[in-house]
K.L.:
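The structure that follows is given in the form of structure tokens.
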Amino acid sequence: MTEILGSFVAGSWHTPTPEGRGEAAGATAGGSARAVRDSVTGELLHHVSSEGLDFGAVADHARSVGVPALQELTFHQRGVILKQLGAHLMEWAANYHEISFSTGTTKRDAFVDIEGGIGTLFTYSGVARRQMPNSTIHLDGGVERLSKGGSFVGRHILTSRQGLALQINAFNFPVWGMLEKFAPMFVAGVPVVVKPATASAHLTRAVVADMIDSGLLPDGCLQLICGDVTGLFDHLAEQDAIAFTGSAATARRLADLDCVKERGTRFFAEADSLNFSLLGSDAAPGTEEFDLFVSGVVAEMTVKAGQKCTAIRRTIVPEQHAEAVAEALTAKLAEATAGDPREKSTRLGPVISTDQRGDVLDAVDEIVAAGARVITGGREASDALADRFPGGAFVAPTVLRAEDPWIDAVHDVEAFGPVTSLITYSSLDEAVRLAARGRGSLVGSVVTHDPAFATEFVRKVAPWHGRILVLDRDDAKESTGHGSPLPTLVHGGPGRAGGGEELGGLRGVEHFMQRTAIQASPDMLTAISGEWVQGAERHLGEHPFTKSLADLRIGDALESEWRTVTLEDIEHFAEFTGDTFYAHTDEEAAAANPFFPGRVAHGYLIVSFAAGLFVQPDPGPVLANYGLEGLRFVTPVSPGDKLKVTLTAKRITPRETDEYGEVRWDAEVVNQDSEPVANYDVLTLVAKE
Ligand code: NAP
């Protein structure tokens, strides 16, 4: 009797009883258990079922336990947890690799999934701690002045939504697919319910179990449902979100759910797409770019047996190079040894299941029936492989050649395996139209060393793509390649690719938060946003540089004495620094300049004098000045003008793991007529105690 994969819901593991178990792989959803087999041997591994789960309790647990526990933590605290969690999972990586073999992936393939997935936890730890405040609301953009007198201002804030985020994931990245969504959702403060694809749910489950066992996660912030989740949709409403990855057909079905259409559940889809790689006309055989192109296509066909949402389905080349590309691909693919992914020599493992193998070969047949021919691989070659590995789901790497590049099937039919279609273009305009014929893709790449071609091509195809790689001899060595989404860059694409967007650093967090425009007085906005706003009350008194973070409050301020700027000061500064620009040294030339009345003080002299006016010289809690931001010189300063600076504590960000934090000060320099001379933020590190 095989195991039935359990789910982790409402704080405990739940394993369905064997009664609901059926043998058929791919049995319909609705509770009956589905069999999962080893992709290499066909051996029955276990069954998957969500039979008997209380979906209402799942939603309730996320909202009543997960939301408060997670949202009590600041962004920085969440970031620290992600880092610890990443380190914890790394210790178990070898175990995940072992399990991953049963899904058909080689060690090299699994690295992208396992280490790549854990890597997103570290990236999002950095995003939370470096790009977000150490609080529970995030500010978006600057303050908008909404009235003449300045008593009515506006600003956007982002707060955590009060619902759960349901991930529905594809089978091909059971670890990365889960963690690349979990990390931004966790930073955003929303509890996560993971629904892995049945075929590889056992690997996701192993990682989720370790995440829970780590004891690092607040209660209720992570649940796992192996099997059908239909029953959960009835419990989703306006504060919840569904982040789906999978086929376009499933995406359409889910977009039609009542919770999405009628109750306002946010829905994000990352669907299939027919990504392209294009060879520039300059990249003739013999050039570095030609070889890079061929290697890139072969890598995307063989890594994970081509089961990547970003794989190159359409290989687009100049007419005159088509023969050479076909020969080079055939030769290189012949070196991709197919076999058991546990063997070190194996370059190409099986696809996930024999069902999936059937789908891939059907798709190949469909493209062939539409007019393409097989250059290498195809059904016969795949059957020969199947004879060598009985029970395994092997597909031979297949290149199809369509003489007519506009055959619909080439652009519409996704063969989700080691398959690409080779087509040609005759002009840049045709290349653009062919690339766009995918009706929206996750990624496209162009391999060229010609900047003029790259510029025109990229600008024209960008609206149809979420990411574009421009590859040539200069970036090839360090390039992460066509197929790798990166946590700091957006992943997703328009149209057929689902219209969703994930990752992209902070952008990925914002999808699970609510952006709200707040309109109020400067004092109110300061209190609500946690950042001092121009026009709000300032607290003058003890020099703020004498206060540690324990005592400093936003709005604590210093108004300096006056200082007169003399001609000698300007001449001295010019000579001392070597900045003898004519506006500071030549009265006549300066007066002829449209911006200056005559010789004026250097902007950097003003900033230096301002520092001299506001600084408190004794050793104290201020540890360092690490920069200025947003510096603008507004009114020129002539010899004889007076300067005064007002410094106000604007934002205070204690660090979780250090004995200090960042303080951002608003600096405003004015002249004797109260005209603004310079505005900027001063960035300092200040001790906590
Ligand atoms: P799929 O059949 O669409 O399934 C995707 C997920 O949806 C699975 O977890 C599946 O669960 C679930 N699902 C299917 N029908 C459902 C329903 N009616 N209600 C709720 N959940 C449902 O896709 P797949 O075969 O796993 O993955 C391959 C496809 O995903 C390819 O087309 C590929 O291009 C695409 N993909 C896209 C991306 C991207 O980022 N854009 C990434 C990876 C893959 P079960 O497994 O339990 O049926």
Side-chain angles (χ1 to χ4, degrees), residues 5 7 25-36 47-50 55 103 112-113 166-178 180-181 193-202 204 224-234 236 242-257 259-260 267-275 300 304-313 351-353 355-360 363 412-417 419 438 440-443 465-467 483-485 490-503:
L5 225 53
S7 296
T28 51
S32 62
R34 288 162 62 178
V36 174
H47 284 77
V48 172
S49 168
S50 62
F55 290 105
T103 68
V112 184
D113 186 35
L166 168 64
Q167 307 182 352
I168 301 180
N169 297 334
F171 69 77
N172 55 343
F173 286 102
V175 183
W176 180 84
M178 184 260 293
E180 63 99 10
K181 289 180 186 172
V193 179
V194 176
K195 185 264 179 280
T198 293
S200 53
H202 50 305
T204 310
L224 172 78
I225 299 175
C226 293
D228 181 24
V229 283
T230 309
L232 185 57
F233 298 135
D234 290 341
L236 299 186
I242 301 173
F244 168 77
T245 302
S247 63
T250 310
R252 274 193 298 276
R253 212 169 304 141
L254 296 179
D256 207 35
L257 289 169
C259 61
V260 174
F267 180 65
F268 304 93
E270 297 289 338
D272 59 40
S273 72
L274 282 97
N275 316 289
E300 290 304 320
K304 288 219 131 222
Q307 298 164 108
K308 284 169 74 181
C309 51
T310 50
I312 298 166
R313 303 282 169 228
V351 296
I352 188 82
S353 64
D355 280 358
Q356 185 64 22
R357 177 180 186 275
D359 288 351
V360 174
D412 292 335
V413 178
E414 184 196 39
F416 199 61
V419 181
S441 303
L442 295 168
V443 54
H465 296 87
R467 178 167 62 85
S484 305
V490 291
H491 173 59
R496 168 151 189 174
E501 198 182 273
E502 290 174 350
L503 299 175

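Computed from a prediction, not measured in an experiment: that's the story for all the values here. Counting convention: from 1, in listed order, for ligands and their atoms alike. Just the heavy atoms: all of them, side chains too, but no hydrogens, waters or symmetry mates, feed the values below.
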K.L.:
Would the distance check show the side chain of S50 and the main-chain N or O of I225 forming a donor-acceptor pair, the cut-off being under 3.5 Å?
P.N.:
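Between the backbone of I225 and the side chain of S50 there is no qualifying donor-acceptor contact (under 3.5 Å).
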K.L.:
Do side-chain atoms of N275 reach the backbone of A311 as a donor and acceptor pair under 3.5 angstrom?
P.N.:
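Present.
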K.L.:
How many angstroms lie between atom CG of L442 and atom NE2 of H491, to the nearest 0.5 angstrom?
P.N.:
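Going from the CG atom of L442 to the NE2 atom of H491 covers 5.0 Å.
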K.L.:
Compute the minimum heavy-atom distance from V48 to ligand 1 and say whether it is under 4.0 Å.
P.N.:
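No, V48 has no heavy atom closer than 4.0 Å to ligand 1.
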K.L.:
Note the single closest protein heavy atom to atom 24 (P) of ligand 1, along with its residue, its atom name and the distance in Å.
P.N.:
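Heavy-atom neighbour on the protein nearest atom 24 (P) of ligand 1: F171 CD2, 3.6 Å.
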K.L.:
For atom 35 (C) of ligand 1, which candidate among A170, G246, A269, C309 holds the nearest heavy atom?
P.N.:
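That would be G246.
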K.L.:
Can you tell me how far CZ of R496 sits from CG of L274, rounded to the nearest 0.5 angstrom?
P.N.:
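It comes to 5.0 Å.
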K.L.:
Just jot down the ligand 1 atoms closer than 4.0 angstrom to any heavy atom of N172, in number order.
P.N.:
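Going through ligand 1 atom by atom, the ones under 4.0 Å from N172 are 43 (C), 44 (C).
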K.L.:
How would you list, by chain and number, every residue that makes a salt bridge (charged side-chain N to carboxylate O under 4.0 Å, His left out) with E270, sequence neighbours excluded?
P.N.:
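Not a single residue meets the salt bridge (charged side-chain N to carboxylate O under 4.0 Å, His left out) criterion with E270.
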K.L.:
Is the shortest distance from a heavy atom of N169 to ligand 1 less than 4.0 Å?
P.N.:
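In this structure, N169 qualifies as a contact of ligand 1 - some heavy atom is under 4.0 Å.
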K.L.:
Donor-acceptor pair, distance only, cut-off 3.5 Å: does the side chain of S200 make one with the backbone of F171?
P.N.:
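Such a contact is found between S200 side chain and F171 backbone.
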K.L.:
Geometry only, no angles: is T245 polar-contacting ligand 1 at N/O separations under 3.5 Å?
P.N.:
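No, since none of the N or O atoms of T245 sits under 3.5 Å from an N or O of ligand 1.
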K.L.:
Could you give the distance from NE2 (H465) to OG (S273), rounded to the nearest 0.5 Å?
P.N.:
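H465 atom NE2 to S273 atom OG measures 7.5 Å (nearest 0.5 Å).
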K.L.:
Tell me yes or no: between the side chains of T245 and K181, is some donor less than 3.5 Å from an acceptor?
P.N.:
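A donor-acceptor contact under 3.5 Å links the two side chains.
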K.L.:
Assess R34 for proximity to ligand 1: is some non-hydrogen atom of it under 4.0 Å away?
P.N.:
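Contact check R34 vs ligand 1: positive.
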K.L.:
Can you report which non-hydrogen protein atom sits closest to atom 16 (C) of ligand 1, along with the distance?
P.N.:
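Result: T250 CG2, 3.6 Å.
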K.L.:
Are any of the heavy atoms in E502 under 4.0 Å away from ligand 1?
P.N.:
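Per 4.0 Å heavy-atom rule, E502 does not contact ligand 1.
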K.L.:
Got the closest protein heavy atom to atom 12 (C) of ligand 1, with its distance?
P.N.:
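Nearest neighbour among protein heavy atoms for atom 12 (C) of ligand 1, to 0.1 Å: I168 CG2, 3.6 Å.
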K.L.:
Take every heavy atom of F173, measure it against each atom of ligand 1, and state whether any distance is under 4.0 Å.
P.N.:
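Contact absent.
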K.L.:
Taking heavy atoms and a distance under 4.0 Å, where does F416 meet ligand 1: side chain, backbone, both or neither?
P.N.:
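The answer is the side chain.
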